[in-house]
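Keep in mind that this is a model prediction, so the values were computed, not measured. Note on naming: letters A, B, ... go to the chains in the order of the sequence lines (proteins, then strands), and numbering restarts at 1 for each one.
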2 protein chains.
Amino acid sequence: MLSHAAEDYLKSIYKLQEKEGKVSTGILAEYLDVKPASATGMIKKLKSMNLVKHERYQGVTLTKAGKAIALEIIRHHRLLELYLYKALGVPWDGVHDEAEKLEHVISEEVEARMDEILGYPTEDPHGSPIPDKNGVVPETFSIPMTELQDGQSCVVAEVSDNDSALLRHLGSFNLYPGTAFRVIEVAPFDGPFTIDIAGQQAVIGREVAKNIYVGKVNEVVNV
Amino acid sequence: MLSHAAEDYLKSIYKLQEKEGKVSTGILAEYLDVKPASATGMIKKLKSMNLVKHERYQGVTLTKAGKAIALEIIRHHRLLELYLYKALGVPWDGVHDEAEKLEHVISEEVEARMDEILGYPTEDPHGSPIPDKNGVVPETFSIPMTELQDGQSCVVAEVSDNDSALLRHLGSFNLYPGTAFRVIEVAPFDGPFTIDIAGQQAVIGREVAKNIYVGKVNEVVNV
DNA sequence: AATTATTTTTAGGTATAACTAAATTATAGA
DNA sequence: TCTATAATTTAGTTATACCTAAAAATAATT
């Protein structure tokens with residue numbers, strides 16, 4: 001059996017590995033809000049359990065066994081988020097923190113019941129894919145909003161779930177996964193995005209836009 | 001903030017205090033399946049937080065603050081049991097262990113949502129009273145089944161929830177809270193109870209009967 | 001009242017997971 | 001190439017929560 005902390009490390013390594021390939025101790029420590037020395041200690045422990053591969057100064061990667069556990073925790077987290085949102089009416093900016101605690105604790109049995117009740121969903125309330133029981137992650141195709149240009153139309157695919165203030169901010173513009181919008185103008189010198197959401201205009205700063213991923217981009221010629 | 005272990009100690013002291021008044025270190029340790037020395041250590045810690053009163057060799061009692069926390073945890077536990085049973089279809093012999101883990105982790109907000117969805121219930125699936133938000137425990141009137149005599153009819157009020165094998169055994173006789181039955185015969189010398197449940201006979205040993213509490217006892221004259 | 005038995009406490013030790021501070025290794029600039 | 005900076009690791013400390021074994025205090029028995 002793994003400790004909650006160990007599970008969090010595996011989950012974080014998986015997420016960071018997605019983007020960056022190998023994960024450095026420093027990045028991992030920063031992500032988890034612990035000191036690098038603490039991360040080194042946990043990496044050692046996980047290595048001794050054959051859950052990660054690690055060469056000093058070269059970063060960590062998950063082994064097959066480590067990845068399986070990471071995906072199991074992520075599945076717990078995302079199914080819980082959706083269940084809390086849909087079945088219990090927890091607001092979408094609150095489900096992350098709650099799921100963060102519950103994910104280490106629920107049984108496979110309860111998870112299976114939630115999965116069934118929800119109709120075997122493939123996405124959580126923030127648009128992130130829910131891995132299935134066998135650790136298969138549904139493929140998603142999306143790009144950061146920061147790559148959009150003037151006049152492009154698209155649909156919100158996924159937003160970061162870990163900052164509840166950000167989520168409330170997005171909610172105030174109705175920027176949920178599935179919401180369509182059009183880029184009116186991208187201000188020069190890495191300035192903010194002015195967008196149109198169902199007739200309402202909104203100004204989205206670059207830092208915020210980094211946390212929004214969009215799919216189905218269509219070029220639209222302006223009049 | 002309290003550790004999970006500390007919460008478990010408070011909960012256990014509350015339950016033991018119900019029956020016995022003051023709770024000895026040894027009894028508490030046995031109940032929690034830890035060594036007496038461990039109980040002493042935790043009692044010290046809880047005393048320093050003003051959650052329990054304790055005089056060496058005289059046993060522990062909860063303070064007002066300690067009782068409030070104990071009742072909050074018990075409320076979490078029993079609401080969770082009922083929610084798992086009713087909303088998620090977890091079998092009644094499984095809800096205890098699951099609730100035992102979740103009770104330390106769910107937020108007041110999620111609890112409030114469950115409470116509402118369940119219609120502000122006052123009893124868990126084993127017939128135990130659910131304290132309200134303010135720590136008021138619904139009064140219950142029940143006596144151990146071991147006090148019944150030949151010919152008496154009554155209704156199951158409450159059963160112990162912590163032994164899943166026992167619960168499966170009771171389930172096989174349909175002995176759920178609310179089930180009516182009649183005592184056919186009590187064997188002499190502390191022997192087993194032969195009872196009639198909706199026309200089906202069952203033999204219930206004394207050790208099992210100790211875990212069943214009954215209400216609404218009516219004398220019935222046999223033909 | 002003295003001895004025995006039980007209960008409780010103290011003392012010392014284990015494991016986990018965090019920390020700080022110092023030492024080591026790697027990388028990049030002069 | 002050598003040095004300065006940055007990243008990583010090691011070493012040692014702290015806190016929680018449990019343990020065992022032995023000492024101390026209380027209760028029960030003769």
Side-chain angles (χ1 to χ4, degrees), chain A residues 1-14 16-17 19-62 65-66 69-70 73 100-101 103-105, chain B residues 1-14 16-17 19-62 66 69-70 73 97 100-101 103-105:
Chain A
M1 263 277 71
L2 279 178
S3 67
H4 294 185
E7 289 181 349
D8 280 335
Y9 273 89
L10 290 175
K11 190 175 67 161
S12 302
I13 293 166
Y14 177 85
L16 294 169
Q17 198 177 301
K19 309 268 170 192
E20 335 234 352
K22 288 193 172 179
V23 182
S24 74
T25 306
I27 297 281
L28 180 59
E30 189 192 24
Y31 187 79
L32 281 163
D33 199 25
V34 298
K35 299 289 174 247
S38 308
T40 301
M42 183 57 87
I43 289 166
K44 263 188 171 175
K45 210 159 293 171
L46 293 172
K47 190 180 180 183
S48 79
M49 295 189 255
N50 281 308
L51 298 174
V52 300
K53 284 191 269 282
H54 180 242
E55 309 268 335
R56 30 181 19 234
Y57 296 93
Q58 299 301 123
V60 247
T61 348
L62 295 174
I69 294 170
I73 307 295
E100 202 70 18
K101 296 178 294 177
E103 66 188 6
H104 303 294
V105 157
Chain B
M1 263 277 73
L2 280 178
S3 67
H4 294 184
E7 289 181 349
D8 280 335
Y9 273 87
L10 290 174
K11 191 175 67 159
S12 302
I13 293 167
Y14 176 85
L16 293 170
Q17 197 177 301
K19 308 269 170 191
E20 334 235 352
K22 289 194 172 179
V23 182
S24 75
T25 306
I27 296 282
L28 181 60
E30 189 192 24
Y31 187 80
L32 281 164
D33 198 25
V34 298
K35 299 289 172 244
S38 307
T40 301
M42 183 57 87
I43 288 166
K44 262 188 171 174
K45 211 159 293 170
L46 293 172
K47 190 180 180 183
S48 79
M49 294 189 255
N50 281 307
L51 298 174
V52 300
K53 284 191 268 282
H54 180 243
E55 308 269 333
R56 37 195 356 245
Y57 296 93
Q58 298 301 122
V60 248
T61 348
L62 296 173
I69 294 170
I73 307 295
D97 290 347
E100 202 70 20
K101 296 178 294 176
E103 67 187 7
H104 303 293
V105 156

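In this structure, the NE2 atom of A/His54 is 11 Å from the C1' atom of D/dA7, given to the nearest Å. Between B/Lys35 atom NZ and D/dC19 atom C1' the separation is 8 Å, expressed in whole Å. We find that CG of B/Leu28 is positioned 14 Å from C1' of C/dT7, with the value rounded to whole Å. When the P atom of D/dA15 is taken as reference, atom NZ of B/Lys45 falls 11 Å away, rounded to whole Å. Note: NZ (B/Lys47) to P (C/dT8) measures 15 Å, nearest angstrom. The CD atom of A/Glu55 sits 11 Å away from the P atom of D/dT9 (whole-angstrom rounding). At whole-Å resolution of the value, CG in B/Asp33 and C1' in D/dT20 are 15 Å apart. Nucleotide D/dT16 holds its P atom 18 Å from the NE2 atom of A/His4, rounded to whole Å.
Within 3.5 Å, no donor on the side chain of A/Tyr57 pairs with an acceptor on the base of C/dT27, nor the reverse.
At the phosphate of D/dT10, OP1 or OP2 sits under 4.0 Å from a side-chain N or O atom of A/Arg56. The side chain of A/Ser24 places an N or O atom within less than 4.0 Å of a non-bridging phosphate oxygen (OP1 or OP2) of D/dT8. For D/dC19, one of the phosphate oxygens OP1 or OP2 lies less than 4.0 angstrom from a side-chain nitrogen or oxygen of B/Ser38. Between B/Thr40 and the phosphate of C/dT10, there is no side-chain N or O to OP1/OP2 separation shorter than 4.0 Å. Between B/Tyr9 and D/dC18 there is a side-chain polar atom (N or O) within less than 4.0 angstrom of OP1 or OP2. Note on A/Lys44: a side-chain N or O is less than 4.0 Å away from OP1 or OP2 of D/dT10.
Side-chain atoms of A/Lys11 never come within 3.5 Å of backbone atoms of A/Ile73 as a donor-acceptor pair (strictly under, hydrogens ignored). Checked by atom type and distance alone, the side chain of A/Lys22 never pairs as donor or acceptor with a backbone atom of A/Gly59 at under 3.5 Å.
Residue contacts shown for A/Ala5 are limited to sugar-phosphate atoms, with no base heavy atom under 4.0 Å away.
Nearest heavy-atom pair across A/Ala39 and A/Thr25 is CB-CG2, 3.8 Å. The nearest pair of heavy atoms linking B/Lys53 to B/Leu62 is NZ-O, 4.3 Å.
For B/Ala37 and A/Pro36, each mapped to the nucleotide of DNA chain C holding its nearest heavy atom, the one lying further toward the 5' end belongs to B/Ala37.
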Checklist line | Worked check of side-chain contact (heavy atoms from CB on, under 4.5 Å) between A/Leu2 and A/Leu10 | finding: CA-CA 10 Å; A/Leu2 279 178; A/Leu10 290 175; 3.7 Å; yes

